[in-house]
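Proteins come first, then strands; the chains are lettered A, B, ... in the order of their sequence lines, and each starts at number 1.
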Amino acid sequence: MASDDLRATRLEKADQLRQQGLTPYAYRWPITHHAAQLQAQYADLAAGEEVAVDVAVAGRIMARRVFGKLAFFTLQDETGQIQLYLDKKAFEAEMPDDPTAFDRIKQLTDAGDFLGAKGSVKRTEKGELSVYVRYFEILTKALLPLPDKWHGLTDVEKRYRQRYVDLIVNPEVRDTFRKRALVTAAIRRYLDSQGFLEIETPVLMSEAGGADARPFVTYHNSLDMTLYLRIATELHLKRLVVGGFERVYEMGRIFRNEGISTRHNPEFTSIEMYQAYGDYQDMMTTVEELIVTAAEAILPSLKISYQGEAIDLTPPWRRITMHEAVAEKTGLAFSQFDSLAAAKAAATAAGLKDIAGCDSIGRLLNEAFEQTVEATLIQPTFVIDYPVEISPLAKPHRSQPGLVERFELFIVGRETANGFSELTDPIDQRQRFEAQAARKAAGDLEAQGVDEDFLTALEYGLPPTVGMGMGIDRLIMLLCDCASIRDVIAFPLLKPEVTTGESLENL
RNA sequence: GGGUCGCUAGCUCAGCGGUAGAGCACUCGGCUUUUAACCGAUCGGUCCUGGGUUCGAAUCCCAGGCGACCCA
């Protein structure tokens, strides 16, 4: 039967309800119990036993097993499922002024409808805990059918495009988003307990900054100006530290105009945090505590599995300098090179590819790191002390010329967090901005211009500060063992699917 | 950006050059202990789109759309 016919049948049923003086779209149905509560409370009830209590439940009908004068419905609410035991004789006794009650629930309900039911609790002779229904109301008539009750919805594209259907029929999807909420709540609780204040900063900016990324461009009509969606929260949060807030953070949406993959969605959630009077060594410890707190919110152990790989999140985590890590894999001691040409020759001899574009030893070191080390860092590892060329906002290393006090955390070969002792010297910061601006002028679409107001803020004085940023979506992927970022984003970005002429007219 | 795979009924899938199929769902009939309920009978199609080859295309070819995965 075509979907229009299925829909027409259900519209007809809704009309029949109206003809009986009932609404197919009810207003309220107070419940006394959720499914999981009943399952827990009556876990020990023996088969065939009934408890003379009055309970009220509500949920979506997921399955109907209808006999002549008896029916079993599977009702699903947010917590789980409970069976409804529907007995014609019970309705005749309990709803005597409504003689069509049993016929109504048998004839006019479908899988997908929302139903409210009241009755006692009974475990059937076959052992299924049930609500023995004495009264019910159809709360919302669904017009579209649910996917196959056995196979469910497996088409990946449909699951993303119609996440509401995915959520109805795939419990593990509901579970992922429940866990995501638990993790973000635990992170906020932890930071709040450490004296951090969450302050929201602008999404719309006249100049994007704080990261290397292409921004989205938008437009303000009455101001007649181009605006950019933020690519980081960094520069505003540091302004707040200038203003006197010693510990601030923001967990929020960031927008980067880049490709889409299993690890990239154009809008994603980041957390950035800044702590005055601390340095990057302090922050690494905080990151360990933060991620352990997040993991403990949803997992029984810090020994976890990601896509079949065993990961141990028990701190402390290994800390290794970028120079050491690269030397370990390539045998190259980058600090020994006194010219870029010599470094490139050695790198090529060591088998590195596509290094022609590297215009400094620091960038070459980073390239060597990405090619040889990054993917091998499976267990949590802090890589520290980065080249200044790729770290325009980080403070120079207190003892290593050419390096900055920066760390990146890698887990399963992926960058998970990035932090550094913040650059607080406004003159140095201006020079680094100008170097970035020169790259932008030369055509680097990911480079950003000079943020004059941020420099002014620095001239008023930023105390010694450490900052850290982390991608929340990727953290959830790790903790929930999800292979794709789309599995942890409720409504991932997809291209519109409609292409036929008729449908385009309706857009 | 490149490669591989996929798109057929509401859902899950088969069919791979000769009249478009199955299971579930839906509709009708039967049924008071089912849980993928069962038994019987119906109903249901832009085979992603557009070209091409062919007597004949869901099937072969070309182009495009959307998606998945891998690589950069």
**Asked** Tell me, which pairs form a salt bridge (Lys or Arg N to Asp or Glu O under 4.0 Å) where one or both residues lie in residues 342-355 of chain A, sequence neighbours left out?
**Response** none
**Request:** Sequence neighbours left out, what pairs pass salt bridge (Lys or Arg N to Asp or Glu O under 4.0 Å) with at least one residue falling in residues 41-62 of chain A?
**Result:** Glu50(A)-Arg134(A)
Rounded off to whole Å, could you give me the [atom1]-to-[atom2] distance for the [X] and [N] pair?
{"X": "Asn170(A)", "N": "rU12(B)", "atom1": "CG", "atom2": "C1'", "result": "13 Å"}
{"X": "Leu493(A)", "N": "rC66(B)", "atom1": "CG", "atom2": "P", "result": "12 Å"}
{"X": "His151(A)", "N": "rU12(B)", "atom1": "NE2", "atom2": "P", "result": "10 Å"}

Residues that [X] engages under side-chain hydrogen bond (donor to acceptor under 3.5 Å, both in side chains), provided they are two or more places apart:
{"X": "Asn170(A)", "answer": "Asp166(A)"}
{"X": "Asp148(A)", "answer": "His151(A)"}
{"X": "Gln16(A)", "answer": "Glu12(A)"}
{"X": "Asp103(A)", "answer": "none"}

**Prompt:** What about Lys122(A), does its side chain sit under 3.5 Å from the base of rU33(B) through a donor-acceptor pair?
**Reply:** yes
**Item:** Contacting residues from residues 83-109 of chain A, given that a heavy atom lies under 4.0 angstrom of RNA chain B
**Value:** Gln83(A), Tyr85(A), Asp87(A), Lys89(A)
**Request:** Only counting residues at least two apart or in another chain, list the ones meeting ring pair (Phe, Tyr, Trp, His ring centres under 6.0 Å) with Phe255(A).
**Result:** none
**Prompt:** For Phe369(A), what residues pass the ring pair (Phe, Tyr, Trp, His ring centres under 6.0 Å) criterion, not counting sequence neighbours?
**Reply:** Phe410(A)
**Message:** Would Arg406(A) pass as a cation-pi partner of Tyr386(A), given that its NZ or CZ must be under 6.0 Å from the six-membered ring centre and within 45 degrees of the axis?
**Reply:** yes
**Request:** Using a cut-off of strictly less than 4.0 Å, decide whether Thr9(A) has a side-chain nitrogen or oxygen near OP1 or OP2 of rU27(B).
**Result:** no
**Request:** With sequence neighbours left out, write down each residue that passes side chain to side chain contact (heavy atoms under 4.5 Å, CB included) with Asp77(A), or none if nothing qualifies.
**Result:** His34(A), Ala35(A), Thr79(A)
Any N/O pairs under 3.5 Å between the protein and nucleotides 69-72 of chain B? List them or say none.
from, atom 1, to, atom 2, distance (Å)
rC69(B), OP2, Arg486(A), NH1, 3.3

**Asked** What dot-bracket string describes RNA chain B from 5' to 3', counting Watson-Crick and G-U wobble pairs whose defining distances are under 3.5 Å, with [ ] for crossing pairs and | for pairs to another strand?
**Response** (((((((..((((....[..))))..((((.......))))......(((((..]....)))))))))))).
